[in-house]
Amino acid sequence: MKALVCEKYGPPESLVIRDLPDPVPGAGEVLVDVKAAGISFPDVLLIAGTYQVKVPPPFVPGNEAAGIVESVGEGVTRIKPGDKVIITPQAGGFAEKCVVSEKLCLPLPDGLSYEQGAGFTITYATSYHALRQSTEWCSR
């Protein structure tokens, strides 16, 4: 599979495309065929090594994505192959396939595209929170 890899901390321009082995889901995990991935400020901080959580290089960034479940690991009961999902891995979304805990999968709502789903959990939710918070401050 193709993946965008952070081989060392730095700017987005330092990321490289690599061929990596397909990941395999373990117990409690889901393998997702990624159709779209969102990009947000935490991704930029993560690849720069300045985010509060440090993922040691090399790693595949991408903390929100959407796609189709390809397979599931042992013990997964809520998600099944063929399901359309939104995922929030801490990293791994900037690849053709991503393994994520079943707990970090949400069903992709009907009517929402993969692109919309890929920006929903972090980008949209953060923007919505900021809008609501600023509206509350302005109405005081």
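The heavy-atom pair separating V53 from L46 by the smallest distance is O-CD1, 3.4 Å. Summarising the geometry of P42 relative to Y51, their closest heavy-atom pair is CB-CE1, 3.8 Å, with the distance given to 0.1 Å. Taking each heavy atom of P23 and V99 in turn, the nearest pair found is CB-CG2, 3.4 Å. The two atoms that bring R78 and D83 nearest to each other are O-OD2, 4.3 Å, heavy atoms only. Annotation for P81 and V72: closest pair CD-CG1, 4.3 Å, computed over non-hydrogen atoms. Scanning both residues, L4 and I17, for their nearest heavy atoms gives CD1-CG1, 3.9 Å.
A donor-acceptor pair under 3.5 Å is absent between the side-chain atoms of D22 and the main chain of K97, judged by distance alone. In this structure, E96 contributes its side chain and K2 its backbone to a donor-acceptor pair below 3.5 Å.
At a threshold of 4.5 Å between side-chain heavy atoms, the hydrophobic network of Ile, Leu, Val, Met, Phe, Trp and Tyr places L104 and V24 in two separate groups. In the hydrophobic cluster analysis, where Ile, Leu, Val, Met, Phe, Trp and Tyr join through side-chain heavy atoms closer than 4.5 angstrom, V85 is grouped together with V30. Tracing side-chain contacts under 4.5 Å through hydrophobic residues (I, L, V, M, F, W, Y), one never reaches V34 starting from M1; they form parts of separate clusters. Residues I86 and V69 fall into different hydrophobic clusters, defined by Ile, Leu, Val, Met, Phe, Trp and Tyr side chains chained together at heavy-atom separations under 4.5 Å. Both V5 and L45 belong to a single network of hydrophobic side chains, linked directly or stepwise wherever heavy atoms of I, L, V, M, F, W or Y lie under 4.5 Å apart.
Considering CG of L31 and CD of E70, their distance stands at 4.5 Å, rounded to 0.5 Å. Once rounded to the nearest 0.5 Å, the distance linking CZ of F94 with CG of D43 reads 4.0 Å. Between the CD1 atom of I87 and the SG atom of C105 there is a distance of 6.5 Å, given to the nearest 0.5 Å. In this structure, the separation between OG on S113 and NZ on K84 is 10.5 Å, given to the nearest 0.5 Å.
A donor-acceptor contact closer than 3.5 angstrom is absent between the side chains of S101 and E29.
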**Asked** After noting the C-alpha distance and the side-chain angles of T88 and E64, does the key distance pass the side-chain hydrogen bond (donor to acceptor under 3.5 Å, both in side chains) rule?
**Response** CA-CA 5 Å; T88 55; E64 64 181 336; over 6 Å; no
**Request:** Go through the steps to decide whether N63 and Q90 satisfy the test side chain to side chain contact (heavy atoms under 4.5 Å, CB included), and finish with yes or no.
**Result:** CA-CA 5 Å; N63 61 18; Q90 181 180 10; 5.6 Å; no
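In this structure, the side chains of Y9 and I47 stay at 4.5 Å or more apart for every pair of heavy atoms. Inter-residue side-chain proximity for C6 and V60 is flagged as unmet; no heavy-atom pair is nearer than 4.5 Å.
Ion pair R18/E7 flagged as a salt bridge, since at least one NZ, NE, NH1 or NH2 atom sits closer than 4.0 Å to an Asp/Glu carboxylate oxygen.
Residue-environment remark: NZ (K8) stays at or below the threshold of 12 foreign heavy atoms within 6.0 Å.
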